[in-house]
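One structure is given here, and the rest of the page talks about it.
Because the structure is a prediction, the values reported are computed rather than measured. Lettering of chains follows the sequences in order, A, B, ..., and the numbering in each one begins at 1.
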Amino acid sequence: MAQEDLPFIRIEAVSKSFGTFQAVKDVNLTIRKGEIFALLGGSGCGKTTLLRMLAGFEDPTAGTIFIDGQDMTGVPPWERPVHMMFQSYALFPHMSVEKNVAYGLKHENMTAEARKTRVREMLDLVQLTEFAHRKPHQISGGQRQRVALARALARQPKLLLLDEPLAALDKKLREHTQFELMSIQERTGVTFIVVTHDQEEAMTLADRIAVMDRGQVKQVGAPTEVYENPASRFVAGFIGSITAFPATVAQLSGDTATVAVPAFDTTVTARAVPGLVEGQSVTLAIRPEKLTINAVKPDLGNAVAGEIKDLAYFGKDSLYRVLLPKGDLIQAHAVNARRTAEARPDWYEKVWLSFEPASAILLTE
Amino acid sequence: MAAPPKDGKLAQWFHRRGWQDMIIGIPYLWLILFFLFPFCIVVAMSVATRTPTAPPFGFGGENPIINLAGYARLFHDTLYIRAFLTSIVNAAGATLLCLVVGYPMALGLTRVSKGSRNILLMLVILPFWTSFLLRVYAWMGLMAKNSWFNGLLTDAYNFLTPAAWAVKSIPMMHTNFAVVVVMLYTYLPFMILPLYANLERLDRTLDEAAMDLGSKPAQVFRDITLPQSIPGIIAGGLLVFIPAAGELVIPTLVGDASSPMIGRVISDEFTAASDWPMASSVAVALLLLMVGPMMVYTHYQSKAEGKAAEEQK
Ligand SMILES: Nc1ncnc2c1ncn2[C@@H]1O[C@H](COP(=O)(O)OP(=O)(O)OP(=O)(O)O)[C@@H](O)[C@H]1O
Ligand SMILES: [Mg+2]
């Protein structure tokens with residue numbers, strides 16, 4: 001177990017420029033063996049570029065990549081223990097499914113019999129045995145995606161790079177394939193790096209997530225860590241929804257901070273973050289599901305007065321937009337635990353919002 | 001208000017799909033008028049009998065209605081058999097050389113930046129802007145016994161080979177070699193352009209995928225690029241081979257008069273020998289010889305497509 005915790009991939013101070021444009025800026029990452037690691041970020045933030053540098057299609061302008069302790073500088077793609085599943089799958093159109101999967105194996109020193117067995121195993125793994133003799137244009141998008149996965153896994157790479165593997169699939173197939181990917185990872189033990197711009201997909205799949213913005217890695221951590229303790233407003237806003245307000249630290253006592261929030265027209269308590277000083281300007285951010293909507297003012301804890309401005313009923317839950325005393329809007333989320341309409345706040349109703357001190361996020365950045 | 005008059009059948013057809021049919025029909029009309037109809041005349045002439053009249057052939061009278069003597073001579077007279085063989089060998093040689101020279105050029109065109117690509121494509125078709133005859137005469141000048149070009153090659157040859165093999169000049173003019181070289185030069189764009197069109201459409205990520213799976217660039221070319229460019233190779237090959245096999249001007253100007261190509265034979269039969277039925281027989285045979293391989297190819301391709309459709313079930 002201890003050995004598995006050793007960094008398997010080290011990306012050290014890697015940058016990549018195209019002309020004067022910097023697509024990747026000073027990225028440092030370590031990825032452990034057998035991990036599913038997600039690169040999450042908006043369009044054009046450099047995810048594919050980083051992946052292509054790992055696969056060897058682009059050389060970093062600066063910095064070094066180590067895979068399994070070996071410096072990858074100058075190692076061509078065909079000599080790297082890395083396989084990539086392309087955003088467009090890149091199946092060979094003139095070869096059958098079987099030949100596609102077998103393609104990488106011809107460079108492997110193995111008997112024809114062993115090769116055949118491996119191809120059959122791979123097709124079994126992705127449940128495509130009956131389509132072995134079809135050409136890529138004769139199967140569905142989801143099946144193509146599985147062929148691409150089988151082809152990338154056939155040579156038993158140490159590292160598998162997946163560039164938006166599920167982007168082309170519909171919602172249901174995507175959810176199904178997510179679990180399939182996870183179970184394949186468990187069975188094969190291969191390290192996965194998955195690129196995605198879908199935060200839910202990253203949270204479902206990954207052991208750890210790196211959030212990227214304009215070529216830089218903003219935060220790395222487990223899904224819960226990144227969601228509950230975002231390091232910056234960008235990360236907080238990118239993963240899940242959040243409402244943020246400017247605030248000032250009024251008083252510090254132990255790990256509790258009292259902050260004055262002009263938009264709330266009152267002070268609230270929140271869990272202090274290290275390095276906070278009294279009088280400091282901060283941002284108080286709170287996620288919709290951390291708020292409770294009350295008809296009367298609660299006796300204890302943080303309470304903010306408001307008026308329901310807007311509501312969206314989704315069936316199992318509802319989303320409210322609440323007008324605050326100074327005219328700002330805050331989002332609140334409530335589970336519809338009761339069937340009757342009287343139990344739910346209605347339009348223009350005066351309400352009190354409450355939240356626990358630990359639920360509010362103080363951001364200094 | 002009176003009801004609008006009901007359209008007649010013809011007008012109805014015209015409104016529904018008449019335009020479409022007419023526009024599709026125009027090329028066919030062209031082909032019928034300027035290919036099928038003249039070809040029928042040639043076929044008719046090929047079975048006529050040679051007479052001393054003008055025009056120099058006739059049917060009926062004391063002659064048989066259908067006279068197959070011309071076709072029979074194709075198989076007996078070695079002149080025709082040799083001419084067909086020379087044509088096929090020369091055309092095949094030119095096609096092969098065009099492929100060997102043109103493929104790297106076409107591939108190179110797909111690998112340069114968009115801006116220089118247009119300039120290079122222009123250069124490929126630039127020779128068409130000068131008269132074809134002028135360019136053949138230029139080659140005649142180059143290959144002549146006492147030209148600087150021939151002198152250069154002669155010096156290089158004499159330098160590289162033992163003194164006993166020394167020559168005064170390299171005999172290039174009036175050989176089949178000269179015919180192949182000039183045809184290579186003339187038809188090269190017809191190979192490059194379809195190949196370029198084919199190669200340019202190929203997805204470069206497939207090359208990366210193959211490299212990713214362990215193939216070196218040469219293997220990527222063999223496994224990925226080459227198989228996908230076969231339609232381009234066939235298109236370019238047909239565009240070079242068919243006109244090259246029937247070529248008249250190049251063999252007449254630079255070729256070996258003692259082993260003529262088939263185009264020269266047809267021309268001689270029409271003019272010098274004034275044997276129109278024989279000339280027509282040779283022309284029909286040439287056409288059949290060209291159409292044969294194309295039919296085989298089309299048949300093979302539609303069969304492959306049918307098989308693919310079969311597998312889909
Ligand atoms: N070959 C190139 N030449 C110039 N600029 C490039 C090149 N490749 C990528 N870029 C630029 O680098 C930036 C990052 O591109 P990249 O493909 O890595 O984005 P991405 O995060 O994968 O986005 P998406 O989610 O849309 O796939 C983009 O702004 C892109 O325009
Ligand atoms: Mg991308």
Side-chain angles (χ1 to χ4, degrees), chain A residues 48 51-52 54-58 75-110 130-140 147-148 150-157 159-163, chain B residues 103 106-107 110-116 194-237 297-298 300-313:
Chain A
T48 299
L51 227 54
R52 289 173 60 80
L54 282 164
F57 299 130
E58 311 273 5
V75 179
W78 52 88
E79 278 169 15
R80 295 193 182 204
V82 174
H83 287 332
M84 180 152 167
M85 203 179 120
F86 289 79
Q87 208 159 354
S88 54
Y89 307 151
L91 298 180
F92 307 129
H94 56 294
M95 297 184 194
S96 65
V97 165
E98 197 176 43
K99 293 244 171 66
N100 263 283
V101 175
Y103 186 78
L105 296 177
K106 62 185 212 164
H107 304 293
E108 213 88 319
N109 207 354
M110 60 201 298
E130 55 184 311
F131 301 106
H133 298 292
R134 290 207 192 167
K135 291 273 175 68
H137 68 94
Q138 294 166 329
I139 55 177
S140 76
V147 177
R151 187 178 69 176
L153 282 169
R155 275 185 90 191
Q156 302 179 323
L159 171 64
L160 192 63
L161 308 171
L162 302 113
D163 196 353
Chain B
Y103 202 107
L107 197 61
T110 65
R111 302 290 151 97
V112 297
S113 72
K114 275 256 151 51
S116 37
L195 263 179
Y196 167 74
N198 175 282
L199 291 170
E200 198 238 8
R201 274 200 325 257
L202 300 186
D203 183 359
R204 293 295 300 280
T205 42
L206 298 184
D207 298 3
E208 287 184 343
M211 270 191 245
D212 189 63
L213 291 165
S215 292
K216 296 186 179 72
Q219 293 165 324
V220 173
F221 174 77
R222 190 194 60 202
D223 298 339
I224 309 302
T225 315
L226 194 60
Q228 288 190 91
S229 65
I230 285 171
I233 294 176
I234 288 174
Y297 167 66
T298 325
Y300 164 78
Q301 206 181 28
S302 63
K303 217 170 88 176
E305 265 161 27
K307 208 172 131 207
E310 185 91 352
E311 275 169 5
Q312 199 154 16
K313 277 194 292 192

May I have the step-by-step check of side chain to side chain contact (heavy atoms under 4.5 Å, CB included) for B:Q219 and A:W78, ending in yes or no?
-> CA-CA 11 Å; B:Q219 293 165 324; A:W78 52 88; over 6 Å; no
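The closest side-chain heavy-atom distance from A:P136 to A:N100 is below 4.5 Å. B:L107 is listed as a side-chain neighbour of B:F221, based on a closest heavy-atom distance under 4.5 Å. Considering only heavy atoms from C-beta on, A:K106 comes within 4.5 Å of B:D223 through its side chain. Two residues are said to be in side-chain contact when any heavy atoms from C-beta on lie closer than 4.5 Å; A:F92 and B:L213 meet this criterion.
Residue-level contacts of residues 200-207 of chain B with chain A, in order of numbering, are B:T205, B:L206; threshold 4.5 Å between heavy atoms.
Contact annotation for A:L105: neither backbone nor side-chain heavy atoms come within less than 4.5 Å of a heavy atom of chain B. Within the 4.5 angstrom heavy-atom criterion, atoms from both the backbone and the side chain of A:H83 approach chain B. A:M95 touches chain B through its side chain: at least one heavy atom from C-beta onward sits under 4.5 Å away, while N, CA, C and O do not. Looking at A:R151, the atoms closer than 4.5 Å to chain B (heavy atoms on both sides) sit in the backbone and in the side chain alike. Contacts of A:R80 with chain B are absent, with no heavy-atom separation under 4.5 Å from either backbone or side chain.
Ranking B:A210, B:G214, B:A209 against chain A, the residue ahead of the rest is B:G214, based on heavy-atom pairs under 4.5 Å. Between chain A and the residues B:Q228, B:E208, B:M211, the most heavy-atom pairs under 4.5 angstrom are made by B:E208. Among A:A148, A:A152, A:P157, A:G104, the residue with the largest count of heavy-atom pairs under 4.5 Å with chain B is A:G104.
Atom CG of B:D212 and atom CZ of A:R52 lie 10.5 Å apart (nearest 0.5 Å). In this structure, CD1 on B:I233 lies 5.0 Å from OH on B:Y103, to the nearest 0.5 angstrom.
B:R222 approaches B:P227 most closely through the heavy-atom pair O-CD, 3.2 Å.
None of A:D163, A:V82, A:L162 except one satisfies the side chain to side chain contact (heavy atoms under 4.5 Å, CB included) rule with A:L51; the exception is A:D163.
In this pair, A:H107 and A:Y103 present their aromatic rings perpendicular. The plane angle is above 60°, beyond the 30 to 60° band.
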